[in-house]
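Owing to the predicted nature of the structure, the values given are computational and were not obtained by experimental measurement.
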Number of protein chains: 2
Amino acid sequence: MASPRESKGSTKIAVPAPIEQKSRRTRNSTRPPPAPKNGRQFDPQVFLDTIGEGRKALLFPNKQTIMAQGDPADAVFYLRTGKVRLTVVSKDGKEATIGILSDGSFFGEGALAGQSLRMSSATAMTDCAVLRIEKKAMVDALHREHTLSDLFVAYLLTRNIRYEEDLVDQLFNSSEKRLARALLMLAHFGKEGIPESVIPKLCQETLAEMVGTTRSRVSFFMNRFRKLGFIDYAGGAEGGLRVHSSLLNVVLHD
Amino acid sequence: MASPRESKGSTKIAVPAPIEQKSRRTRNSTRPPPAPKNGRQFDPQVFLDTIGEGRKALLFPNKQTIMAQGDPADAVFYLRTGKVRLTVVSKDGKEATIGILSDGSFFGEGALAGQSLRMSSATAMTDCAVLRIEKKAMVDALHREHTLSDLFVAYLLTRNIRYEEDLVDQLFNSSEKRLARALLMLAHFGKEGIPESVIPKLCQETLAEMVGTTRSRVSFFMNRFRKLGFIDYAGGAEGGLRVHSSLLNVVLHD
DNA sequence: CTAAAGATGGTCACGTTTGCACACTTCTAC
DNA sequence: GTAGAAGTGTGCAAACGTGACCATCTTTAG
């Protein structure tokens with residue numbers, strides 16, 4: 001982990017530290033934590049208990065690094081709540097976003113395949129509740145708990161499909177289409193079938209990293225989309241960006 | 001499957017059909033089939049038996065389609081021997097190769113994640129021995145057999161890592177570097193630490209599909225690599241291409 | 001054996017897409 | 001207000017894809 005501190009930390013510190021959550025199954029047992037919104041039936045609290053030793057519940061404030069590229073890879077993470085961005089930095093300093101994870105996702109799984117160093121960094125995009133599971137504990141739990149291994153396999157499959165889609169997107173589509181696709185996927189993040197929705201806040205630099213192009217290109221296309229009425233900045237100054245899905249879809253299907 | 005015929009087939013037919021292999025554990029039991037060369041300990045014959053109903057051993061001759069994009073996805077494949085190419089065709093007819101699998105790999109796993117149609121095609125690049133496992137049989141076997149689920153999870157993790165690397169490659173590198181990387185990975189296919197090796201046979205069109213660029217670009221860079229002594233056509237007319245890994249590496253690290 | 005058809009590879013001209021550097025605007029802190 | 005940082009718009013040169021043409025080699029049909 002980038003800064004594996006578990007202390008409570010004082011009010012203001014340079015790098016905010018994650019806060020360890022104690023497992024308190026007895027307390028608050030009348031109101032279990034809400035299940036992930038991904039449509040999976042799964043109680044992370046049960047998960048926590050079945051893994052036994054070698055796991056730790058952590059809280060990361062927004063923008064904090066959960067793991068950093070190059071760190072030793074000795075554990076797997078499970079995202080209970082929040083959103084996390086996965087990024088890679090190239091040898092010559094370019095940065096790319098290879099995924100945005102929502103709750104119910106695992107990350108850092110490369111460790112289980114024998115990767116000894118992290119190949120990417122994970123950063124909290126919101127306040128995040130995370131489970132940190134030692135590699136060995138994870139392997140053991142996968143053998144013991146069918147519920148867990150089912151969940152894990154399902155996640156790996158989904159992630160595989162997403163990587164495949166992203167790769168194909170890169171191979172086939174121009175940056176304009178890729179940007180359109182990224183905006184659409186952000187708009188539908190969680191909700192389905194909504195004709196237009198508002199994306200919280202996202203600077204062009206971040207969009208560029210996600211799409212795999214430069215910020216200037218994003219600027220260019222965003223203006224184009226705006227002139228064509230595919231998006232608008234109705235939100236005002238707070239960065240709220242409204243996406244008209246049906247219109248943007250035209251870009252994709254050209 | 002593209003043409004799910006299981007009959008032996010006559011000597012000459014328009015579309016060659018896969019040949020079903022009967023499981024004969026009793027016969028030839030003195031000499032079990034060789035294990036995959038991937039460094040995994042695994043006897044596909046045992047695998048075959050533990051799955052029970054719902055699996056079928058098939059033989060596909062070189063160049064035959066094992067599954068086709070758009071087909072219903074009702075089974076998973078396991079590649080016992082041979083090499084398989086995964087390709088995707090875009091709406092406007094462009095073709096891309098998203099992976100080359102060697103023995104010990106699974107494919108068509110998307111079915112397990114609920115994909116009802118194949119998102120890619122799988123074509124035999126050599127004569128291939130393949131296990132076709134019904135979706136339900138696979139799910140059951142994953143629950144029963146730890147050896148299998150370990151193997152499957154390990155495969156998914158490796159594949160994930162590979163997709164991630166390929167995606168990052170696309171995001172960061174120019175087509176020249178991507179071509180260099182593709183050649184290097186082909187050269188190291190199976191063997192490690194060999195300073196120079198020969199790639200079997202591969203037309204520029206295929207290379208272009210793998211790298212994600214056009215054939216004319218591949219031709220251009222191949223000539224450049226040749227002039228710089230990074231590769232040579234020593235093999236002669238049979239298409240043998242010799243790759244000098246240490247030299248080509250220079251391209252990557254620029 | 002030979003001619004025709006097909007596949008592969010080298011090259012080029014042209015228009016498009018892309019990344020980079022720089023100029024500009026908006027926001028924020030003091 | 002002013003300085004600096006963060007975010008945004010734009011011109012231009014390099015990288016790229018497209019489509020074409022031709023040479024070479026292989027395969028097929030007769």
Discussion item. If I compare all heavy atoms of B:His244 with all of B:Ile231, which pair ends up nearest, and what's the gap?
Written reply: CD2-CA, 4.0 Å
Worksheet item: What are the two closest heavy atoms between B:Arg178 and B:Val211, and how far apart are they?
Response: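 Taking every non-hydrogen atom into account, NE-O, 2.9 Å.
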OP1 or OP2 of [N] sitting under 4.0 Å from any side-chain N/O of [X]?
X: A:Arg226; N: D:dT8; result: no
X: A:Ser219; N: D:dT8; result: no
X: B:Gln204; N: C:dG10; result: yes

Worksheet item: When you measure from the side chain of B:Asn223, which nucleotide among C:dT18, D:dC16, C:dT11 comes out closest?
Response: C:dT11
Euclidean distance, atom [atom1] of residue [X] to atom [atom2] of [N] [Å, nearest integer]:
X: A:Lys94; N: C:dT18; atom1: NZ; atom2: C1'; value: 11 Å
X: A:Glu205; N: C:dC20; atom1: CD; atom2: C1'; value: 13 Å
X: B:Phe220; N: D:dA20; atom1: CZ; atom2: P; value: 22 Å
X: B:Arg178; N: C:dT18; atom1: CZ; atom2: C1'; value: 13 Å
X: B:Met222; N: C:dG10; atom1: CE; atom2: P; value: 8 Å
X: B:Arg217; N: C:dT18; atom1: CZ; atom2: P; value: 14 Å
X: B:Leu207; N: C:dG10; atom1: CG; atom2: C1'; value: 15 Å
X: A:Leu179; N: C:dT18; atom1: CG; atom2: P; value: 11 Å

Practice prompt. Using side chain to side chain donor-acceptor pair (under 3.5 Å) as the criterion, point out the one residue from A:Gln204, A:Lys94, A:Arg215, A:Arg85 that pairs with A:Glu209.
Written response: A:Arg85
Practice prompt. Could you tell me how the ring of B:Phe230 sits relative to the ring of B:Phe225: parallel (under 30°), tilted (30 to 60°) or perpendicular (over 60°)?
Written response: tilted
Worksheet item: How do B:Arg215 and B:Phe221 order along DNA chain D: which one's closest nucleotide is nearer the 5' end?
Response: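 Closest to the 5' end, via its nearest nucleotide, is B:Phe221.
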Practice prompt. Please answer whether the main-chain N or O of A:Gln69 pairs with a side-chain N or O of A:Ser121 as donor and acceptor at a distance below 3.5 Å.
Written response: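 A pair under 3.5 Å: yes.
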Worksheet item: Does A:Ser216 make a side-chain donor-acceptor contact with the base of C:dC20, cut-off 3.5 Å?
Response: yes
